[in-house]
Amino acid sequence: MNTDIRNKRGFKPNLKAGIILMLLLILVAGCSKAEQTSSGESTSTASESTESTNGTSSSDSEANNTETRTVEGIKGPVDIPAEPKRIAGLTYAYADHLVALGMKPYAMVTQVGQEMPAYLKDKLEGVVPLGSVNEFNKEALLDTEPDLILSNEVLVDEYDAISAIGPVYMSSYFSNSLEWFKDTAKVLGKEKEADEIVDQLYQKATDLGTKVAASDAADDTILIFRLTDKQIQVFAPSDKSPDAFYSPNLLYDIAGLHAPDLAKAGIVMNEVIENVSLELLPELNPDRIFMIISGSEADNEQALTKLRDNAVWKGLKAVKSDQVYMVDNTVWVAGFGPIAYGQVLDEVEQALLGN
């Protein structure tokens, strides 16, 4: 009897201990869960704080790196990153386009035998050189691992080789350089910015024209030509070639500077630029000449010496009055973009007005 009572009493403490142990386990588990929840909430708060500070969460950054846009080039549609970070330009005009849009190319070709354009040098520090446009280094391009390659139809025969390296947007050839700039902007989703930049450039040209019209240079005729080893190439207003637009057209058409009467001299402009004989220049006899050369005077020593020793050249009004200005082909012709053209306007203002 007593034994049974002891057994029953002994059982109850064991049961009680078991229940207490179970409650303790539940309590510990509950605390652990609460800690995890609290930790999760803290992490979420920190993440939100990071988003608030940086403007972009890690998930957003990953999304930006993986999001794509489809653009239509001359070789058909191509998917490109929504926000490309490693852009390679296979025509040197893209350097001007990208910098003007507040971007920096990762890799870039240059003109034959030259480094990055001098007028953009401070903006292109660290950009990987890819050689010249006609002989670009495919291995160097491959090493840059570009996420977008910009090119135009000059390299259409190389399209398959280039597209094997990365996504390629290949444009058609634009004779109107500012339309080309706008096309580049469209690919990058920056059409609005490009329109504003071109509008500002036109306004700057218009302002220059107003200043010149109020100066002693108001009625001066201005000849713009490019000197090469073998020939002189004259530029004309764009009404001679409506689809074309280069920096001289900005001066003639927008600023309203006076071009010589080319037709009177028997010069037929089938394009915006035509080869002419030196012997025709006296028929033009401009008040001022902007002579475009590639490279430095030393690089053009032979052509310049031949020109300066010619009696026809010596007899020109602009030469006699020392109003011949040598300017850089990279800026005036090959820049093909708003930064170069803005510098052209600055150089002309300095030459004509001394500002």
Is the closest side-chain heavy-atom distance between [X] and [Y] below 4.5 Å?
{"X": "Val168", "Y": "Val78", "answer": "no"}
{"X": "Val312", "Y": "Pro282", "answer": "yes"}
{"X": "Met291", "Y": "Leu304", "answer": "yes"}
{"X": "Ser247", "Y": "Val331", "answer": "no"}
{"X": "Leu148", "Y": "Leu188", "answer": "yes"}

State, to 0.1 Å, how close [X] and [Y] come at their nearest heavy-atom pair, and which atoms those are.
{"X": "Ile197", "Y": "Ala100", "result": "CD1-O, 3.3 Å"}
{"X": "Ala255", "Y": "Leu251", "result": "CB-O, 3.3 Å"}
{"X": "Gly315", "Y": "Asn285", "result": "O-OD1, 4.5 Å"}
{"X": "Lys121", "Y": "Glu115", "result": "NZ-OE1, 3.7 Å"}
{"X": "Gln323", "Y": "Asp287", "result": "NE2-O, 3.2 Å"}
{"X": "Asp220", "Y": "His258", "result": "O-CB, 3.5 Å"}

Using the rule ring pair (Phe, Tyr, Trp, His ring centres under 6.0 Å), only one of Tyr325, Tyr252, Phe225 pairs with Phe290; which is it?
Tyr325
Exam field: side chain [X] to backbone [Y], donor-acceptor pair closer than 3.5 Å:
{"X": "Asn137", "Y": "Leu130", "value": "no"}
{"X": "Arg226", "Y": "Phe235", "value": "no"}
{"X": "Asn300", "Y": "Ser294", "value": "yes"}
{"X": "Ser215", "Y": "Ala217", "value": "yes"}
{"X": "Asp147", "Y": "Pro84", "value": "no"}
{"X": "Asn249", "Y": "Ala236", "value": "yes"}

Can you establish whether the number of heavy atoms outside [X] located under 6.0 Å from its atom [atom1] is more than 12?
{"X": "Lys317", "atom1": "NZ", "result": "yes"}
{"X": "Glu301", "atom1": "CD", "result": "no"}
{"X": "Asp122", "atom1": "CG", "result": "yes"}
{"X": "Asp309", "atom1": "CG", "result": "yes"}
{"X": "Asp322", "atom1": "CG", "result": "no"}

Test Val276 against Leu262 for side-chain contact (heavy atoms from CB on, under 4.5 Å), laying out the working first.
CA-CA 10 Å; Val276 301; Leu262 302 175; over 6 Å; no
Any chance the side chains of Tyr94 and Asn152 put a donor and an acceptor closer than 3.5 Å?
no
Donor on one side chain, acceptor on other, Asp199 and Gln203, under 3.5 Å
no
If you round to the nearest 0.5 Å, how far is [atom2] of [Y] from [atom1] of [X]?
{"X": "Glu191", "Y": "Lys182", "atom1": "CD", "atom2": "NZ", "result": "11.0 Å"}
{"X": "Glu196", "Y": "Lys190", "atom1": "CD", "atom2": "NZ", "result": "11.0 Å"}
{"X": "Phe181", "Y": "Asp195", "atom1": "CZ", "atom2": "CG", "result": "9.0 Å"}
{"X": "Lys75", "Y": "Tyr169", "atom1": "NZ", "atom2": "OH", "result": "14.0 Å"}
{"X": "Glu283", "Y": "Asp261", "atom1": "CD", "atom2": "CG", "result": "10.5 Å"}
{"X": "Asn176", "Y": "Asp183", "atom1": "CG", "atom2": "CG", "result": "11.5 Å"}

Step-by-step side-chain contact (heavy atoms from CB on, under 4.5 Å) determination, Val234 to Glu274:
CA-CA 5 Å; Val234 173; Glu274 289 289 346; 5.7 Å; no
For residues Val154 and Tyr246: do they belong to one hydrophobic cluster (side chain heavy atoms under 4.5 Å, members Ile, Leu, Val, Met, Phe, Trp, Tyr)?
no
Is there a path of hydrophobic side-chain contacts, each under 4.5 Å between heavy atoms, that joins Ile74 and Ile162?
yes
Mind running side-chain contact (heavy atoms from CB on, under 4.5 Å) on Asp229 and Gln302 for me, showing each step along the way?
CA-CA 8 Å; Asp229 290 338; Gln302 184 176 352; 5.7 Å; no
Charged tip of Lys104 within 45° of Tyr106 ring normal and under 6.0 Å
no
If you apply the rule side-chain contact (heavy atoms from CB on, under 4.5 Å), what do you find for Leu227 with Ile232, and how did you get there?
CA-CA 5 Å; Leu227 178 69; Ile232 291 173; 4.2 Å; yes
What pairs of donor and acceptor atoms, side-chain ones from residues 332-349 against any protein atom, are under 3.5 angstrom apart with sequence neighbours left out?
from   : atom 1 : to     : atom 2 : distance (Å)
Trp332 : NE1    : Glu347 : OE1    : 2.8
Tyr341 : OH     : Ser177 : OG     : 2.7
Gln343 : NE2    : Glu347 : OE2    : 3.1
Asp346 : OD1    : Lys204 : NZ     : 2.9
Asp346 : OD2    : Lys204 : NZ     : 3.4
Glu349 : OE2    : Lys211 : NZ     : 3.2
Glu349 : OE2    : Asn355 : ND2    : 3.1

